[in-house]
Amino acid sequence: MKLRQKIKKLLKIIGPGVITGAADDDPSGIATYTQAGARFGYGQLWTVIFILPLLTAVQEACARIGAVTGQGLAAVIKKHYSRKILSSAVVLILIANTINIGADIGAMAEAARLIIPLNFTVLALAFTGLILILEIFLSYKVYAKILKWSALSLIAYPLTVFLVREPWLELLKATFSPHLEFNFSFLFIIVGVLGTTISPYMFFWQASEEVEEEKSHHLFNHGRPKLSQKFMHNLRLDNFLGMLFSQIAAWCIIVVAGTVLHNNGIVDVKTAADAARALEPLVNTFPNAGLWAKVIFAFGIVGLGLLSVPILSASASYAVSEAFSWREGLNLKFKKAHGFYGVITVATIIGLMINYIGIDPIKALIFTAVINGVVAVPLLFLINKIASDQKIMGQHKSGRLSRIFLWLTFIIMFLSSLAMFMALSRG
């Protein structure tokens, strides 16, 4: 009974942090981690453990900003900073998210083609229509509850880790011993890993969803949230669990790709079928193991895409709506928030159109991760400034440890992006 009560208590705590963590392993994340493992084996495995405290600190700061101010990130920037800074932040998130939406929709269609013999265009249009209908006409809380279970498809990677003979001492060393190569290919994937893990859309999404959470629990008093110590404790726990889950999945994806693909001579993931081969050991005792691997892979990509694309479009729409003081929120019906849902629709449709400029869906996912890594840099600077501001955050401003990790994240992502561009310029 005590165990059951603890589980029920934990399930009540689960909220925006866990949903954000699940969405972090979106199709772009799966493709980038798979490419990292295929190309460099276990050489980039250390990034997972290295990124965890940075990711946790950034998302905790974003969640805290939303919870304390009762506003999304764009609204806070609008209130306390110049219009030029606000415009820059909104444009950056719009560009990054729209490209990410396009890459995710393309990946969903490409993955679905592994098991459904339909044209790419038909599948891409079908997924786009389904996402828009569900996001606009269904409560996101209901939608998220349904789709949270799709994140369970990521369990396929931890299962594969334990089904394959792994060099555990080598894995342990690679996890805690950083390995660096100063060439464009290595740095490109490093920036991609950072960008797909610490993504701009997550900053805006989690801040706004904490506000939605407060509204649903009627925590507003005279326009300001009334926060208890218990609420802030649960916020941090929810955030940590989400980020931990996300990074465990990332570690397993890199390990599986390193063992199954890299160690067998497959060092470049060009198609969805290549990526799906990483899961073949999970079903190699069944007839048609390759087909079952494709089914599991396709289910994961489609399910996580259905979860992440609405988050991408909604986080962009929160930013635009807050900038223009439109009514916003997934708790509102379409007729009460035309502008908010209009941005969601336009961003999703433009994202769909990106798939027809001739970029391979799997490569597009990795390029998207790199774009996110570059775009995140100026946004991280703003988040650090806001979270540490006494006037904005009051007693909930960032403590010393939070500030250290936030500045460390900013510096690392800035230097990684700079090193990548320098390596590119040298050819």
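Put simply, the side chain of Met232 does not reach to within 4.5 Å of the side chain of Gln229, judged on heavy atoms. The closest side-chain heavy-atom distance from Phe240 to Phe245 is not below 4.5 Å. Side-chain contact between Phe203 and Ile198: present, with at least one pair of heavy atoms (C-beta onward) separated by less than 4.5 Å. When side chains are defined from C-beta on, Ile95 does not count as touching Val375, because their heavy atoms never get closer than 4.5 Å.
Ring planes of Phe410 and Phe414: parallel class, angle under 30° (limits at 30 and 60°). Below 30°, between 30° and 60°, or above 60°: for Phe324 and Trp326 the angle between ring planes is below 30°, a parallel geometry. Between His179 and Phe186, the ring planes are perpendicular. Angles over 60° get that label, and only those under 30° would be called parallel.
The backbone N or O of Val48 lies less than 3.5 Å from a partner atom in the side chain of Gln247, making a donor-acceptor pair. Distance alone, capped at 3.5 Å, is enough to place a donor-acceptor pair between the Ser88 side chain and the Lys84 backbone. Judged purely by atom type and a 3.5 angstrom limit, Asn355 uses its side chain to pair as donor or acceptor with the backbone of Leu352. A side-chain donor-acceptor contact under 3.5 Å links Ser313 to the backbone of Pro310.
Residues Phe297 and Trp292 keep their aromatic ring centres 6.0 Å or farther apart. Separation of the Trp46 and Phe50 ring centroids falls under the 6.0 Å cut-off. Between Phe340 and Tyr318, the distance separating the two ring centers is shorter than 6.0 angstrom.
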(request) Would you sort out whether Ile253 and Ile30 count as a side-chain contact (heavy atoms from CB on, under 4.5 Å), showing the intermediate values? (result) CA-CA 7 Å; Ile253 294 169; Ile30 293 173; 4.1 Å; yes
(request) Start with the C-alpha distance between Lys397 and Asp389, add both sets of side-chain angles, then the distance that settles side-chain contact (heavy atoms from CB on, under 4.5 Å), and finish with yes or no. (result) CA-CA 6 Å; Lys397 72 173 185 177; Asp389 194 318; over 6 Å; no
(request) Please step through side-chain contact (heavy atoms from CB on, under 4.5 Å) for the pair Tyr42 and Ile254, ending with a clear verdict. (result) CA-CA 7 Å; Tyr42 310 131; Ile254 295 174; 5.6 Å; no
(request) Go through the steps to decide whether Phe188 and Phe367 satisfy the test ring-ring contact (aromatic ring centres under 6.0 Å, His included), and finish with yes or no. (result) CA-CA 9 Å; Phe188 182 81; Phe367 277 108; 5.4 Å; yes
(request) For the pair Gln59 and Met202, evaluate side-chain contact (heavy atoms from CB on, under 4.5 Å) and give the outcome as yes or no after the intermediate values. (result) CA-CA 7 Å; Gln59 290 307 127; Met202 293 168 60; 3.5 Å; yes
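Between Ile354 and Ile99 the shortest heavy-atom distance is CD1-CA, 3.8 Å. Scanning both residues, Asn97 and Ala316, for their nearest heavy atoms gives ND2-N, 3.6 Å. Nearest heavy atoms, Thr368 versus Ala364: OG1-O, 2.7 Å. Among all heavy-atom pairs drawn from Ala57 and Leu406, the shortest one is O-CD2, 3.8 Å.
For residues 69-116, there are no ring-ring contact (aromatic ring centres under 6.0 Å, His included) pairs, not counting sequence neighbours.
Rounded to the nearest 0.5 angstrom, Ser185 OG and Phe40 CZ are separated by 3.5 Å. Here CG of Leu114 is found 9.5 Å from CD1 of Ile301. Values are rounded to the nearest 0.5 Å. In this structure, the separation between CG on Leu45 and NZ on Lys173 is 13.0 Å, given to the nearest 0.5 Å.
Side-chain contact check for Ser317 and Glu328: no donor-acceptor pair (N or O, by modelled atom type) lies under 3.5 Å. At a cut-off of 3.5 Å, with distance as the only test, no side-chain donor of Tyr33 or Thr196 sits close to an acceptor on the other residue.
With Ile189 as reference, Ile366 is the one residue of Ile366, Thr47, Leu194, Val370 to meet the side chain to side chain contact (heavy atoms under 4.5 Å, CB included) rule.
Qualifying side-chain contact (heavy atoms from CB on, under 4.5 Å) partners for Ala109, counting only residues two or more places apart in sequence or in other chains: Phe120, Leu123, Ala124. For Ala419, the side-chain contact (heavy atoms from CB on, under 4.5 Å) partners are Leu187, not counting sequence neighbours.
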